[in-house]
Engineer: 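Take this structure first; my questions come after.
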Amino acid sequence: MAGGVRRRGPASPSPLWGKLQALWQDKHLVLFKTEHTLLVVSVLWILEIGINFWVIQRVAYTEIDWKAYMDEVEGVINGTYDYTQLKGDTGPLVYPAGFVYIFTALYYITSHGVNIRLGQYIFAVFYLVTLLLVFRIYNRTKKVPPYVFFFVCCASYRIHSIFVLRLFNDPVAMMLLFAAINLFMDGYWTLGCGVFSLAVSVKMNVLLFAPGLLFLLMWEFGLIRTIPKLSLCAAIQLLLGLPFLLDNPAGYVSRAFDLGRQFMFKWTVNWRFLPEWLFLNRYFHLLLLAAHLLTLLLFAFRRWKRPGESIFELLKEPSKRKIPAQNLTVDQIVLILFTSNFVGMCFSRSLHYQFYVWYFHTLPYLLWSGGVKKLAHLLRVLILGLIELSWNTYPSTNSSSAALHVCHLIILLCLWLAPPLTSAPTQKQEHTADKDKRH
């Protein structure tokens, strides 16, 4: 110090600059370290805006069900509320009432279904919203290395086709489903159940998640406090379906929730190697249903519940259980829901090409949740690639269907070999921070 003047030291770097320096030093690890998930998925999501625009502009739209959807909702607009009288080019209306309302809105927005290009851009928005919801799940769980997210979005031709080149209703249902899962993660169980029911009202494949959701609700609330949430789901279905139930209740229920619907052999992706007579055989369908239910029960009893706790303890209020109640973690919520849906896909009577979106975005999480540590990253990516190839083989072949089942079996075995789910008793989970959220 001279002349009473204090010298200033060098300015300390800003926190942002420090983070950028650390990121640059670890640049070779950005695609492999889960703490960089947010950065990678943000870049990929922005890229997806351009990719969807390019696909819509350069790849030809293919008419499959859009015109039929428009014909079906046009019948409702014209005053027909008897579901047995509503049909389109590809057959009768077989989706619940939520589908009718959403696609009626699309009918008017797209000039009575004629402005297909506008419809494609709307479905591109659905795609981007779905991707945001999916990426938020992966960012919260931080279980999958960031490089895998390239395969979750940019690399899948089939998924882009389902959304913006075919305009199926499946993506709308899945968008709502992922919104519900995000609400469950944040602890908004009642609101999440409402959105879940809306997803079911668009297409009932969402019910494949229902066994897992029921287990989670019982774990979190016990039987008595679960009943109001199930009642809300049922009430939404009744409210949405009321105009059709008042006209022909049996017709609405039998068409909108037809569990015995027969699928055509020529469209199957997963059972091509079977003879057609066996594919259509009702006893084969019952066998698949039994295997589905048995597998769900095995996971519930041996993998989902806490070790040493009876499954019947879930019926009690959490505060009255023998083992002190512990809050669900985000990982538990996601894994149980994704596994429940995946088991249903494994034992499905038939999978059609648009059904790929039912589980596509969940596959990386399931693969990286497995209990086989020796299942290297390369092998996991190979499994994702084989599944993608199976769904992109048209028409399906004996080999593509068999490969799909082999991949499903590997994932299922890895999930089974994973250690039972446990909660951290010393940490209060983020999704229950707000007291109002638990009601």
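Note that the structure is predicted; figures quoted are calculated from it, not measured.
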Engineer: Would you say Thr268 and Phe263 make side-chain contact, with heavy atoms under 4.5 Å?
Structural biologist: no
Engineer: Rounded to the nearest 0.5 Å, what separates atom CG in Leu217 from atom CG in Leu230?
Structural biologist: 6.0 Å
Engineer: Do you know which two heavy atoms are closest between Pro96 and Val202, and how far apart they sit?
Structural biologist: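 That closest heavy-atom pairing would be CD-O, 3.9 Å.
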Engineer: Using modelled atom types only, decide if a donor and an acceptor are shared between the side chain of Thr397 and the backbone of Ser400 within a distance under 3.5 Å.
Structural biologist: yes
Engineer: Which is it for Trp304 and Leu296 under the side chain to side chain contact (heavy atoms under 4.5 Å, CB included) test, yes or no, and what are the steps along the way?
Structural biologist: CA-CA 10 Å; Trp304 294 350; Leu296 284 173; 4.2 Å; yes
Engineer: Under a 3.5 Å distance rule, please check whether Ser161 uses its side chain to pair with a backbone N or O of Tyr157 as donor and acceptor.
Structural biologist: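 Side chain of Ser161 to backbone of Tyr157: no pair is present.
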Engineer: Just say parallel, tilted or perpendicular for the rings of Tyr95 and Phe99, cut-offs at 30° and 60°.
Structural biologist: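 Judged by the thresholds at 30° and 60°, the geometry between Tyr95 and Phe99 is tilted.
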Engineer: So, do Phe123 and Phe163 have ring centers that fall under 6.0 Å from each other?
Structural biologist: no
Engineer: My understanding is that only one of Leu198, Val172, Val73 makes a side chain to side chain contact (heavy atoms under 4.5 Å, CB included) with Ile102; could you say which?
Structural biologist: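 The passing option is Val172.
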Engineer: Do you know which two heavy atoms are closest between Ile333 and Leu216, and how far apart they sit?
Structural biologist: O-CD1, 3.8 Å
Engineer: Is it the case that the side chain of Gln332 and the backbone of Thr329 share a donor-acceptor pair, with hydrogens and angles ignored and the cut-off at 3.5 Å?
Structural biologist: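 Pair found, side chain donor or acceptor close to backbone of Thr329.
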Engineer: Between Ile116 and Gln120, is there a side-chain heavy-atom distance shorter than 4.5 Å?
Structural biologist: yes
Engineer: Report the distance from atom NE2 of His36 to atom OG of Ser42, rounding to the nearest 0.5 Å.
Structural biologist: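 Here the interatomic distance stands at 13.0 Å.
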Engineer: With sequence neighbours left out, what residues match Glu35 under salt bridge (charged side-chain N to carboxylate O under 4.0 Å, His left out)?
Structural biologist: Lys33
Engineer: CG of Leu379 to CG of Leu367: how many Å apart, nearest 0.5 Å?
Structural biologist: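 Rounded to the nearest 0.5 Å, the CG-CG separation comes to 8.5 Å.
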Engineer: Side chain of Tyr252, backbone of Ala97: donor and acceptor closer than 3.5 Å?
Structural biologist: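 A pair under 3.5 Å: yes.
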Engineer: Can you find a side-chain donor-acceptor pair between Tyr61 and Glu63 that sits under 3.5 Å?
Structural biologist: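 Short answer, yes.
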Engineer: Say whether, by atom type as modelled, one donor and one acceptor occur between the side chain of Asn341 and the main chain of Leu208 under 3.5 angstrom.
Structural biologist: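 Looks like no, no N/O pair under 3.5 Å.
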Engineer: Let me confirm one number: the CG-CD distance from Leu167 to Gln354, rounded to the nearest 0.5 Å.
Structural biologist: 12.0 Å
Engineer: Supply the atom-to-atom distance Ser399 OG to Leu404 CG, rounded to the nearest 0.5 angstrom.
Structural biologist: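 Result: 12.5 Å between the selected atoms.
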Engineer: Using the benzene-type ring in the case of Trp, are the ring centres of Phe360 and Trp391 under 6.0 Å apart?
Structural biologist: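 Here the rings of Trp391 and Phe360 have centres that are no less than 6.0 Å from each other.
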Engineer: Identify the heavy atoms of Leu288 and Ser348 that sit nearest to each other, and give their distance.
Structural biologist: CD1-O, 3.9 Å
Engineer: With heavy-atom distances below 4.5 Å as the criterion, would you say the side chains of Val334 and Val330 are in contact?
Structural biologist: yes
Engineer: Can you tell me if Arg282 has over 12 outside heavy atoms packed within less than 6.0 Å of its CZ?
Structural biologist: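 Yes.
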Engineer: Does a donor on one side chain sit under 3.5 Å from an acceptor on the other, for Tyr121 and Asn115?
Structural biologist: no
Engineer: Does a side-chain heavy-atom distance below 4.5 Å link Leu240 with Val100?
Structural biologist: no
Engineer: Where do Ile383 and Leu386 land on the side chain to side chain contact (heavy atoms under 4.5 Å, CB included) test, with the steps shown first?
Structural biologist: CA-CA 5 Å; Ile383 291 172; Leu386 284 174; 5.6 Å; no
Engineer: Taking Phe178 as the fixed residue, which of Leu132, Thr362, Val195, Leu183 is the one that meets the side chain to side chain contact (heavy atoms under 4.5 Å, CB included) rule?
Structural biologist: Thr362
Engineer: Can a cation-pi geometry be assigned to Arg166 and Trp66, taking NZ or CZ under 6.0 Å from the six-membered ring centre and within 45° of the ring axis?
Structural biologist: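 No, Arg166 and Trp66 do not form such a contact.
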Engineer: Can the ring centroids of Tyr138 and His361 be said to lie less than 6.0 angstrom from one another?
Structural biologist: no
Engineer: Under 6.0 Å from the CZ atom of Arg117, do we count more than 12 heavy atoms belonging to anything else shown?
Structural biologist: yes
Engineer: Tell me whether the count of non-hydrogen atoms from other residues, nucleotides or ligands lying under 6.0 Å of NZ in Lys67 goes above 12.
Structural biologist: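 Not buried by this count: 12 neighbours or fewer within 6.0 Å.
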Engineer: On a heavy-atom basis, which atom in Gly370 and which in Ala418 lie closest, and how many Å separate them?
Structural biologist: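 Between these two residues, the closest heavy atoms are C-CB, 4.1 Å.
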Engineer: Report the distance from atom CG of Leu259 to atom CZ of Arg349, rounding to the nearest 0.5 Å.
Structural biologist: 8.5 Å
Engineer: Using atom types as modelled and distance alone, determine if a side-chain donor or acceptor of Ser401 lies under 3.5 Å from a backbone N or O of Val269.
Structural biologist: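 Yes, because the side chain of Ser401 sits within donor-acceptor range (under 3.5 Å) of the backbone of Val269.
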Engineer: Return the minimal non-hydrogen interatomic distance between Arg302 and Trp416, and the atom names on each side.
Structural biologist: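 Closest heavy-atom pair between Arg302 and Trp416: CB-CH2, 3.5 Å.
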Engineer: With a 3.5 Å distance limit and no angle check, can you tell me whether Asn392 reaches the backbone of Glu388 through a side-chain donor-acceptor pair?
Structural biologist: yes
Engineer: Give a yes or no on whether the ring-centroid distance for Trp189 and Phe184 is below 6.0 angstrom.
Structural biologist: yes
Engineer: Using only heavy-atom distances, determine whether the side chains of Asn52 and Glu48 contain a donor-acceptor pair under 3.5 Å.
Structural biologist: yes
Engineer: Is Gln237 reaching over with its side chain to a backbone N or O of Ser197, donor-acceptor style, under 3.5 angstrom?
Structural biologist: yes
Engineer: Mind jotting down which residue pairs meet the side-chain hydrogen bond (donor to acceptor under 3.5 Å, both in side chains) criterion with at least one end in residues 168-183? Sequence neighbours excluded, please.
Structural biologist: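 Applying side-chain hydrogen bond (donor to acceptor under 3.5 Å, both in side chains) to every pair that reaches into residues 168-183, excluding sequence neighbours, yields Tyr69-Asn169, Arg136-Asn182, Asp170-Lys203, Asp170-Trp358.
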Engineer: Taking side chain as C-beta onward, heavy atoms only, is Pro92 less than 4.5 Å from Thr84?
Structural biologist: no
Engineer: Set out, in order, the CA-CA distance, both residues' side-chain angles and the distance that settles side chain to side chain contact (heavy atoms under 4.5 Å, CB included) for His160 and Ile51, then state yes or no.
Structural biologist: CA-CA 9 Å; His160 286 93; Ile51 290 172; 3.7 Å; yes
Engineer: Do Trp271 and Phe279 make the cut of ring centroids closer than 6.0 angstrom?
Structural biologist: no
Engineer: Compute the centroid of each ring, for His408 and then for Tyr359, and state whether the two points are separated by less than 6.0 Å.
Structural biologist: yes
Engineer: Please answer whether the main-chain N or O of Lys266 pairs with a side-chain N or O of Arg272 as donor and acceptor at a distance below 3.5 Å.
Structural biologist: yes
Engineer: Would you mind reporting whether Leu86 and Val76 have side-chain heavy atoms less than 4.5 Å apart?
Structural biologist: yes
Engineer: Checking salt bridge (charged side-chain N to carboxylate O under 4.0 Å, His left out) for the pair Arg140/Asp186: CA distance, chi angles, key distance, verdict?
Structural biologist: CA-CA 10 Å; Arg140 287 285 298 275; Asp186 293 337; 2.8 Å; yes
Engineer: Please report the closest heavy-atom contact between Phe301 and Ile311, naming both atoms and the distance.
Structural biologist: CE2-CG2, 3.3 Å
Engineer: Check whether Ser340 reaches the backbone of Leu337 with its side chain - one donor and one acceptor, N or O, closer than 3.5 Å.
Structural biologist: no
Engineer: Answer whether the closest heavy-atom distance between the side chains of Gln85 and Asn248 falls below 4.5 Å.
Structural biologist: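 No; the side chains remain at least 4.5 Å from each other.
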Engineer: Within the supplied structure, the quantity of interest is the number of heavy atoms (other residues, nucleotides, ligands) at a distance under 6.0 Å from Lys142 NZ; does it exceed 12?
Structural biologist: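 Enclosed.
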Engineer: Any non-hydrogen side-chain atom of Ile387 less than 4.5 Å from a side-chain atom of Tyr356?
Structural biologist: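 Answer yes - side chains close enough.
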Engineer: Under 6.0 Å between ring centres, would you say that holds for Phe32 and His377?
Structural biologist: no
Engineer: Run Phe215 and Lys305 through side chain to side chain contact (heavy atoms under 4.5 Å, CB included) and show every step you take.
Structural biologist: CA-CA 9 Å; Phe215 185 92; Lys305 76 175 185 66; 4.0 Å; yes
